[in-house]
Asks: 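This is the structure I want to talk about, given as structure tokens.
Heads up: numbering here begins at 1 and tracks the sequence. Remember, it's 1-based here, ligands and their atoms both numbered in the order they're listed.
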Amino acid sequence: MEIQKFSADEVKKAANEIKKGGLVAFPTETVYGLGANALNPQAVKQVYQVKGRPSDNPLIVHVTGFEQVKAFIAKSHPLAESLVHHFWPGPLTLILPIKPDAFDAVVTGGLNTVAFRMPNQPLTLELIAEAGVPLVGPSANLSGRPSPTTADHVIHDFQTTIAGVLDGGPTQIGVESTVLDLSDETKPPMILRPGAITKDMLEQVCQSTILIDQHLVSEEEAPKAPGMKYKHYAPTIPVQMVSEHQWEEVATFLATHPLRAGILAGPTASGKVRGEAAAVYMYANDSIEAATRGLFSGLRALDESQGGLDILYVASYPEEGLGVAYMNRLKKAANHMYFTNNKSENS
Ligand code: AMP
Ligand code: MG
């Protein structure tokens, strides 16, 4: 069956598909999620199947507010309500201990915790309310591919395998939510995945230290979040990161090497190299916000470039503020490779 595109006035139709146990992708402020009734294990199993997602990678449960969360959790956390007050609806996911059997193991990956989030997207809040149940919502992409930031990205990946997608236009932020572990109240909260809600923003509200999972900083550490060991966000073409001062060097390199290169960068950086590139996808401006909004979309577009490309050069940004989340995704896409004009590496 062909996927249906639901418009803003068809939320009820979309909710009916969810009620029947079907899968409907929904817009959020971060990326599109692949929605299914979180209380229907068969439907949730389908989510893993169509994505090709490893079954030990737990899902985020999307809710209409903290009231809905309370029915499922064993224990709150002293900081939970104030974080919810400040950041919900918004790109902050909170991991809390749940009551035994509140969710099937297919949702939790066998853990006694669940990740909850209230997305800042009126259409999707309406969808959850209309469905009357919380929705699981991993990013609505085939596992390992860049996350979707438009309804068309979702359609590209799930043409015939899901019931529909609720179209809310392009997403605002462009990378997935910050995941914060609040499962153990005797320990400081820990960021398991960086997003638009930064460590500084969290510390300001909590008035206490927020830890960052070490594997986000050093590559050797085993990840705490089960899914984080998996390859993510990767286009099929090799990606290299390029820092601000390296673009002239990239241009010189391309002038003397017969490579079909794709460029993903802001206007200033693109301007230095576009004459030598086979394809350019330009961020709307040079800011980290525009880069974050355009990253996945750009990776997808260049991946499908007419005639094919040999390599993608993507702008790196300083790892501060939103740059932490942007670089976390880009490093995975690039397999941590930076551009280097070193004969032994590039020949
Ligand atoms: P995605 O569904 O692709 O947006 O990814 C959700 C992320 O949240 C994954 O990296 C999961 O590993 C992480 N996550 C979800 N639930 C939990 C949990 N209960 N404990 C730790 N990490 C979780
Ligand atoms: Mg994902």
Asks: Name the one of Arg117, Lys332, Arg329 that satisfies salt bridge (charged side-chain N to carboxylate O under 4.0 Å, His left out) with Glu176?
Replies: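 Of all the options given, the one that passes is Arg329.
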Asks: Report the part of Asp181 (side chain from C-beta onward, or backbone N, CA, C, O) that has a heavy atom under 4.0 Å from ligand 1; answer both or neither where that applies.
Replies: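 Asp181 to ligand 1: no contact under 4.0 Å from either part.
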Asks: Which ligand 1 atoms are under 4.0 Å away from a heavy-atom of Arg193?
Replies: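 Within the 4.0 Å cut-off of Arg193, ligand 1 contributes 1 (P), 4 (O), 5 (O), 6 (C), 7 (C).
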Asks: Output a table of donor-acceptor pairs, distance under 3.5 Å, between side-chain atoms of residues 118-134 and any protein atom two or more places apart or on a different chain; print 'none' if there are none.
Replies:
unit_1: Gln121; atom_1: OE1; unit_2: Leu123; atom_2: N; d: 2.9
unit_1: Thr124; atom_1: OG1; unit_2: Pro27; atom_2: O; d: 2.6

Asks: Which ligand 1 atoms does Ser139 reach within 4.0 Å, using its non-hydrogen atoms?
Replies: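 Under 4.0 Å from Ser139, ligand 1 has these atoms: 3 (O).
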Asks: Need the ligand 1 atom indices (1-based, order shown) with element for anything under 4.0 Å from a heavy-atom of Pro138.
Replies: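 Answer, ordered by atom number: 2 (O).
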Asks: The Mg ion (ligand 2) to Ser139: any N/O/S contact under 2.8 Å?
Replies: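 Yes, within the cut-off.
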Asks: Just by distance, with hydrogens left out, do Asn141 and Arg145 show a side-chain donor and acceptor under 3.5 Å apart?
Replies: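 Side chains of Asn141 and Arg145: no pair found under 3.5 Å.
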Asks: Please state which part of Arg53 comes within less than 4.0 Å of ligand 1, counting heavy atoms only: side chain, backbone, both or neither.
Replies: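 Side chain only; the backbone of Arg53 stays clear of ligand 1.
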Asks: Flag yes if more than 12 heavy atoms outside Lys70 fall under 6.0 Å of its NZ atom; otherwise flag no.
Replies: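 Count over threshold, so yes.
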Asks: How about Phe26 and His62: are their ring centres within less than 6.0 Å of each other?
Replies: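 Between His62 and Phe26, which both carry aromatic rings, the centre distance is below 6.0 Å.
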Asks: I'd like a table of donor-acceptor pairs (distance under 3.5 Å, sequence neighbours excluded) in which one partner is a side-chain atom from residues 201-208, with atom names and distances.
Replies:
unit_1: Glu203; atom_1: OE2; unit_2: Lys199; atom_2: NZ; d: 3.1
unit_1: Glu203; atom_1: OE2; unit_2: Ile210; atom_2: N; d: 2.9
unit_1: Gln207; atom_1: NE2; unit_2: Gln204; atom_2: O; d: 2.8

Asks: Provide the number and element of each atom of ligand 1 under 4.0 Å from a heavy atom of Thr113.
Replies: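 Ligand 1 atoms under the 4.0 Å threshold to Thr113: 18 (C), 19 (N), 20 (N).
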Asks: At a non-hydrogen distance cut-off of under 4.0 Å, which region of Ile95 contacts ligand 1 (side chain, backbone, both, or neither)?
Replies: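 The part of Ile95 near ligand 1 is the side chain, not the backbone.
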Asks: Tell me whether Glu176 has any N or O atom under 3.5 angstrom from an N or O of ligand 1.
Replies: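 Looking only at distances, the answer is no, because the N/O contact criterion of under 3.5 Å is not met.
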Asks: Regarding Thr93 and Ser177, do their side chains bring together a donor and an acceptor under 3.5 Å, going by distance alone?
Replies: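 Indeed, the side chains of Thr93 and Ser177 share at least one donor-acceptor pair under 3.5 Å.
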Asks: Would you mind listing which atoms of ligand 1 come within a distance below 4.0 Å of any non-hydrogen atom of Leu111?
Replies: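 Close to Leu111: 18 (C), 19 (N), 20 (N).
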Asks: Look at the aromatic rings of Phe66 and Trp88 and report parallel, tilted or perpendicular, splitting at 30° and 60°.
Replies: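 Perpendicular: the ring planes of Phe66 and Trp88 meet at over 60°.
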Asks: What atoms in ligand 1 come closer than 4.0 Å to a heavy atom of Asn57?
Replies: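 So the answer, numbered in order with elements, is 9 (C), 11 (C), 12 (O).
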